[in-house]
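By convention in this document, chain letters (A, B, ...) are assigned in the order of the sequence lines, proteins followed by strands, and residues within each chain are numbered from 1. Atoms considered below: every heavy atom in the structure, side chains included; atoms not considered: hydrogens, waters and symmetry mates.
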Amino acid sequence: MANGTDNREKTIKINYLTRVEGEGGLYVRAEGGELREVKLNIFEPPRFFEAFLRGRHFQEVPDITARICGICPVAYQMSAVHALEAALGVRPGTEIRMLRRLLYCGEWIESHALHIYLLNAPDYLGYESAVAMAADHPKEVERGLRLKKVGNALLDLLGGRATHPVSVCVGGFYKVPHRKDLEKLREDLLWALEAAQETVSFVSSLDFPDFAPDYEFVSVAHPAEYPMNERRIISSSGLNIEPAEFEHVFLEEHVAHSTALHSVRADRGSSYLVGPLARLNLNFDKLLPRAQAAARSCGIAWPCHNPFMGIVARAIELVHACEEALALIDAYQEPATSRVSFRVQAGEGCAATEAPRGLLYHRYRINDQGLVEAAKIVPPTSQNMRRIEDDLRQMLPGFLAQPESEIARVSENLVRCYDPCISCSTHFLKLRLERN
Amino acid sequence: MNKKLPSSQLVSLGSNSQLPDLGVCSSDHSTTGSPDTSACSPAHRITGSPDPAPCSPDHRITGSPDRLLVIGCGGPFAADDNAGLDVVRRLQGRGDCDCEFLELTGGALDLVYSFEKADIILFVDAVQSGAPAGTVHLLPLPSQEVVPRALGRLSSHGWGLDETLRLARSLGKRLPRLMLLGVELGSVAPGTPRTPAVEAAVDMITERFPELQTALRDSGSPLWSRHVTYVPLEQGWTWSQTDKQSENSS
């Protein structure tokens, strides 16, 4: 085990990908007590889908993009329909807007609950995994699982199927729920709201490393609402743009060590951060009352620059999502039609919506037959890749005297804070066969 | 290979060809020649082998048949990776299966909610073990042969079947009896068509599912104590089996 002298070269290589071809993970090299290289390669961009969508009819797009991510299909559908509606000049009415927010609440609840309890909390309680943590903290893990289930139930009702919502379409929904069906979820959501507040208390009591880089936070922003589907894009450096300017302001760069593209500010070449911490810092005043109260009383000063405290931001958003879901259900009026009709015309449109992991940008160009000619998808995780590397470059010099296992542990912890959406384009089980 | 393999011919290893191979305990075991499609009766159990214990100590003992849930897993755009989903759809298309079906394209964690709804769960998924493409595996779970996904600690996307099972046990949840039906993949390159051998495997599974269904409901079936593989050949399929590795507590 390494307790190195300064002259030792230390290499930490963590292989993450279990696919047949390719190799990816985290590579850290130190020499002479100095950090020399940090390379992160854990994300596969959806290039296949961008190509696959060409020639498809626009109404197929929500269904196809939902399969880019089995964990967050709603986000892909939301960014897709909003971008396509921008291209077609379609404006669904208020009830559909609200239903779409309700759908997103469902996805935020299930995604955040999963990340908080099963991926992130074990780090701060000293467990290697949620499996180990569950034996000692069954109540917390069960709460997390039950919260996730409530999110699933909302997705199931609105989206047709929890793991692959099928009801979303350009112009609205193929089918909308009856009010009485939504009301059946009230009791579970009331429980979830309490459980979410317990979650804020739970995570606020955890011990976090001291680390506060100078981030540029980026998120969607709306004049009156906590951001989900609309409208502009803002940053903590004063940016305030239309989605149409996104690709001029944010550049995707090829990096040699990765199949991924790293996003940076086009003008400065600097990294930026998207996700719950960014959203909360930039839109604090738009949180609903109970969420805002939870945020004010949790003992953390906002805006917060510590990525490890992203778990608290997620917990606060969990409260907000439960609170908003209840409000939306109470206010729900079944729309006269589940979707607006419109004329198909050629056009180009883009949109940014807030996936659980952060800003998700889509752009489409369609022809007068309604077929996709071009598609561009920029997921939140790819936007965060450079920022994660920068964090590691900033943080790891303080750890280089430690054993390699400790360097690996703290690196993984940091990466996990970002709740990375690793490509789920392959899914198969690996079997290790030992035959006598 | 590009040839479509005949799916219904099973090359038996010396046993009576009328007995479905799913019911035969071992290659050197005499068979009754009965057309009964049920799995081995206790009299046919291999001597000396331990009683195949059910995976869950508290599975139901009632007069009604065990509730069987078939869960197809996979990604719909990556060639052979959708074999599991396809099997489920084809089986639903049969219209005569005595079980429930579920398609799982998202995180495996949601499986934890399914554990209460069934006495037996059959997972159908693409697998990679190095065996020839189209090889069909029947493997009782949990098993040390299933490698946990390295991504599982980093991302919910890596949270797989193994992690979910271990979590359920850690929480003291009752686990149904669990079986993996794995189809060895040839390719997962996105957008590419199904490997012919994998297609033949899906055909074979669809055709012979009623026998499997019956065998699964028999806790004495050797399926519960063996890892059985069906390997595609030019003229049909051959099968082999290995003892299930004992599960060390972890």
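- Heavy atoms of other residues, nucleotides or ligands lying less than 6.0 angstrom from CD of E100(B) number 12 at most.
- In terms of heavy-atom proximity, S170(B) sits nearest to V131(A) at OG-O, 2.6 Å.
- With values rounded to the nearest 0.5 angstrom, L171(B) atom CG is found 9.5 Å from M133(A) atom CE.
- One finds the CD atom of E110(A) at 9.5 Å from the CG atom of L109(B) (value rounded to the nearest 0.5 Å).
- Using a 4.0 Å cut-off between charged side-chain N and carboxylate O, K148(A) and D110(B) make a salt bridge.
- Nearest heavy-atom pair, A134(A) versus L167(B), reported as atom, atom and distance to 0.1 Å: CB-CD1, 3.7 Å.
- Residues passing the side chain to side chain contact (heavy atoms under 4.5 Å, CB included) test with E50(A), sequence neighbours excluded: R47(A), K376(A), I377(A).
- Y113(B) contributes no side-chain N or O that, together with a main-chain N or O of R146(A), makes up a donor-acceptor pair within less than 3.5 Å.
- Partners of V410(A) under the side chain to side chain contact (heavy atoms under 4.5 Å, CB included) rule, at least two apart in sequence or in another chain, are M395(A), L396(A), F399(A).
- For the pair E163(B) and L118(A), the minimum side-chain heavy-atom distance is 4.5 Å or more.
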